[in-house]
2 protein chains.
Amino acid sequence: MPQKTIICTVDVVLLCLRGSTLHVALWRRDRPPFEGSLALPGGYIHSEEDVDTLDAATRMLRAKTGLESPYLEQLGTFSGAGRDPRGWSISIAYYALVPVELIEADQAPGLILMPVDQLKGLPFDHKDIVLAAVQRLRNKSSYSSLPVHLCGERFTLPRLQAVYEAILGEPINKVSFRRKMDEFDMLEPVEGAFETGRANRPAQLYRLKAAYRQSLSVTPRAFLAGS
Amino acid sequence: MPQKTIICTVDVVLLCLRGSTLHVALWRRDRPPFEGSLALPGGYIHSEEDVDTLDAATRMLRAKTGLESPYLEQLGTFSGAGRDPRGWSISIAYYALVPVELIEADQAPGLILMPVDQLKGLPFDHKDIVLAAVQRLRNKSSYSSLPVHLCGERFTLPRLQAVYEAILGEPINKVSFRRKMDEFDMLEPVEGAFETGRANRPAQLYRLKAAYRQSLSVTPRAFLAGS
DNA sequence: CAAATAGTGTCTATAAGACATTATTGG
DNA sequence: CCAATAATGTCTTATAGACACTATTTG
């Protein structure tokens, strides 16, 4: 035996934007430790069935939320003797982005959305993990197309800009924003589809080009260079 | 028993610049599997003595290279059933940057430097891990002060620029480069110290300000915006 | 003094931001 | 027509890059 057994788990930080506030999806633990607490969806790696930890995270997400293929990326690994009362443990954390409608339009009965700025009482080091995910999201959003994954299948440019602004916490110049989206070249207008109903000019609906479903566009210059 | 035992290891990608070529430090394995092969320095997590995986990586680095506190950062976790013949395994990979002199001026007898573009025959998925580290280094170097950690304690600006150019693979405008270093505000001139000996104006020697030993300066605009 | 490279000044080109204008809807 | 917001044109400002010039050394 090369080592005392180390507890190997995977946790998923599932983020979405409700209104203009980032939320994380939590579920109520149904077994010890911390049974009954709200925590990140996660669990043991199943070495018999999981090909790797990404596969484990996908399985966990599917089991607990019904989601099939959201944007999903490895965040980092959290480890040590102190984070789990059962002993020395490792959690490989992933983060996922989904449009809030997919969670609210309840495929995922057990999930509870919590604003990421008001987390309290999370077990393990789950608060640290969530904060790391939010930091990653904010950072990547400043120079990439990542936030599109928080929008639904069709969305307008003003809506997408509002999503960026909610994540980054600052207004973005409209002209610059549109230039950047154009440069990213990842959106295509849905022919003849507009968002109507309000007393103003209708906004063109866009969708993500197929090639960008799992990849990102990046710019060498960040939004909000000043911050 | 919640799971079949998973093999938990830590591997370190120790990078340095020899001439203008990135090299990775490998050591010859002294036990199975792949005994005798050149591989990344790494090994089992020791849950009795390591506080966490960063601590394990530090221990490994100290044991195999004698290095005490190089720049060290978590790279990511590599996992799965196929990467280790002993079974389902996890490697939490870290990468470290050091001035090449620290390796050549042999504190580290067992280490062999290999150019990162000519890796072959590495066991496990160590080639993937090295390539991921190089990609991380290149990416971060394009907008941060990370490459200073490949220089020794004192260095000139032309030398630092050459380091950036070696990593990024393209020439950088001298004026822009110096403006950026000035903006980073992480260097201080060593009073009265110059690099002399060649038939030209001597170059001012600089050192990293103490506050930046473990942190980075970043710019919202990348070097080489065009690439 | 010639050759070499360090270090700086300055002009040009490019990209971001401010602001104004036009477009199109509902009421 | 008015209010509201989408979409775009255009001017201003900020940053990056090109290039030239000065500075300081060795031989």
Side-chain angles (χ1 to χ4, degrees), chain A residues 20 141-145 151 154-166 168-185 187-207 217-227, chain B residues 20 141-145 151 154-166 168-185 187-207 217-227:
Chain A
S20 58
S141 296
S142 74
Y143 62 85
S144 83
S145 61
C151 293
R154 299 161 154 223
F155 48 87
T156 67
L157 286 179
R159 168 63 189 158
L160 182 57
Q161 180 170 351
V163 170
Y164 270 89
E165 291 171 336
L168 299 176
E170 298 184 57
I172 300 174
N173 180 281
K174 180 169 59 166
V175 178
S176 302
F177 178 78
R178 284 164 178 257
R179 269 196 294 244
K180 207 50 106 174
M181 291 304 117
D182 197 54
E183 192 181 291
F184 280 161
D185 193 32
L187 302 180
E188 58 188 9
V190 183
E191 286 305 325
F194 295 87
E195 189 179 77
T196 56
R198 273 175 311 163
N200 55 35
R201 177 172 172 177
Q204 174 71 55
L205 285 165
Y206 291 84
R207 67 176 156 236
S217 293
V218 296
T219 172
R221 297 162 206 277
F223 295 92
L224 303 170
S227 62
Chain B
S20 59
S141 295
S142 74
Y143 62 85
S144 83
S145 61
C151 294
R154 299 160 155 223
F155 48 87
T156 67
L157 285 180
R159 167 65 189 156
L160 182 58
Q161 181 170 352
V163 170
Y164 270 89
E165 290 171 337
L168 300 176
E170 298 183 58
I172 300 174
N173 180 281
K174 180 168 60 165
V175 178
S176 302
F177 178 77
R178 284 165 179 257
R179 269 196 295 245
K180 207 50 105 173
M181 290 305 119
D182 197 54
E183 191 182 292
F184 280 162
D185 192 34
L187 303 180
E188 57 189 7
V190 183
E191 286 304 326
F194 294 87
E195 188 178 76
T196 57
R198 273 175 311 163
N200 55 36
R201 176 172 173 177
Q204 173 72 54
L205 284 165
Y206 290 84
R207 68 176 156 237
S217 294
V218 296
T219 171
R221 296 160 209 279
F223 296 92
L224 303 170
S227 61

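Reminder, nothing fancy here: chain letters follow the sequence lines and each chain counts from 1.
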Output the rounded distance in Å from [atom1] ([X]) to [atom2] ([N]).
{"X": "B/F194", "N": "D/dA23", "atom1": "CZ", "atom2": "P", "answer": "15 Å"}
{"X": "A/R221", "N": "D/dT13", "atom1": "CZ", "atom2": "P", "answer": "20 Å"}
{"X": "A/F223", "N": "C/dG17", "atom1": "CZ", "atom2": "P", "answer": "9 Å"}
{"X": "A/Y206", "N": "D/dA6", "atom1": "OH", "atom2": "P", "answer": "12 Å"}
{"X": "B/R179", "N": "C/dG7", "atom1": "CZ", "atom2": "C1'", "answer": "14 Å"}
{"X": "A/M181", "N": "C/dA16", "atom1": "CE", "atom2": "C1'", "answer": "14 Å"}
{"X": "A/F184", "N": "C/dA16", "atom1": "CZ", "atom2": "P", "answer": "10 Å"}
{"X": "B/F177", "N": "C/dT8", "atom1": "CZ", "atom2": "C1'", "answer": "16 Å"}

N/O contacts under 3.5 Å, protein versus nucleotides 23-25 of chain C?
unit_1, atom_1, unit_2, atom_2, d
C/dA23, O4', A/R201, NH1, 3.0
C/dT24, O2, A/R201, N, 2.7
C/dT25, O4', A/N200, O, 3.4
C/dT25, O2, A/A199, O, 3.0
C/dT25, O2, A/N200, N, 2.9

- In this structure, CE of B/M181 is separated from CG of B/L160 (nearest 0.5 Å) by 5.5 Å
- Task: Nearest 0.5 Å please: distance from the CZ atom of B/R178 over to the CD1 atom of B/I172.
- Result: 12.5 Å
- Nearest-nucleotide check on DNA chain C, B/E195 vs A/T219; residue mapping nearer the 5' end is B/E195
- Message: What's A/K180 touching, base or sugar-phosphate or nothing? Going by heavy atoms closer than 4.0 Å.
- Response: sugar-phosphate
- Look only at the side chain of A/S145 and the backbone of A/S217, and say whether a donor-acceptor pair between them is shorter than 3.5 Å. yes
- Query: Which heavy atom of A/L168 sits nearest a heavy atom of A/S141, and at what distance?
  - Reply: CD2-CB, 4.1 Å
- What are the two closest non-hydrogen atoms of B/K180 and B/R221, and how far apart are they? NZ-O, 3.9 Å
Please table the atom pairs, donor to acceptor, closer than 3.5 Å between any side-chain atom in residues 190-197 of chain B and protein atoms at least two apart or in another chain.
unit_1, atom_1, unit_2, atom_2, d
B/E195, OE1, B/R198, NH2, 3.4

- Task: Mind telling me whether A/F177 and A/Y164 have parallel, tilted or perpendicular rings, with 30° and 60° as the class edges?
- Result: perpendicular
I want to verify a distance call: between [options], whose nearest atom is closest to the [X] side chain?
{"X": "A/V175", "options": "C/dT8, C/dG17, D/dG9", "value": "D/dG9"}
{"X": "A/K174", "options": "D/dT15, C/dG7, D/dA7", "value": "D/dA7"}
{"X": "B/A203", "options": "D/dA7, C/dA6, C/dA16", "value": "C/dA6"}
{"X": "B/R178", "options": "C/dT8, D/dA6, D/dG17", "value": "C/dT8"}
{"X": "A/N173", "options": "C/dA18, C/dT10, C/dA6", "value": "C/dA18"}

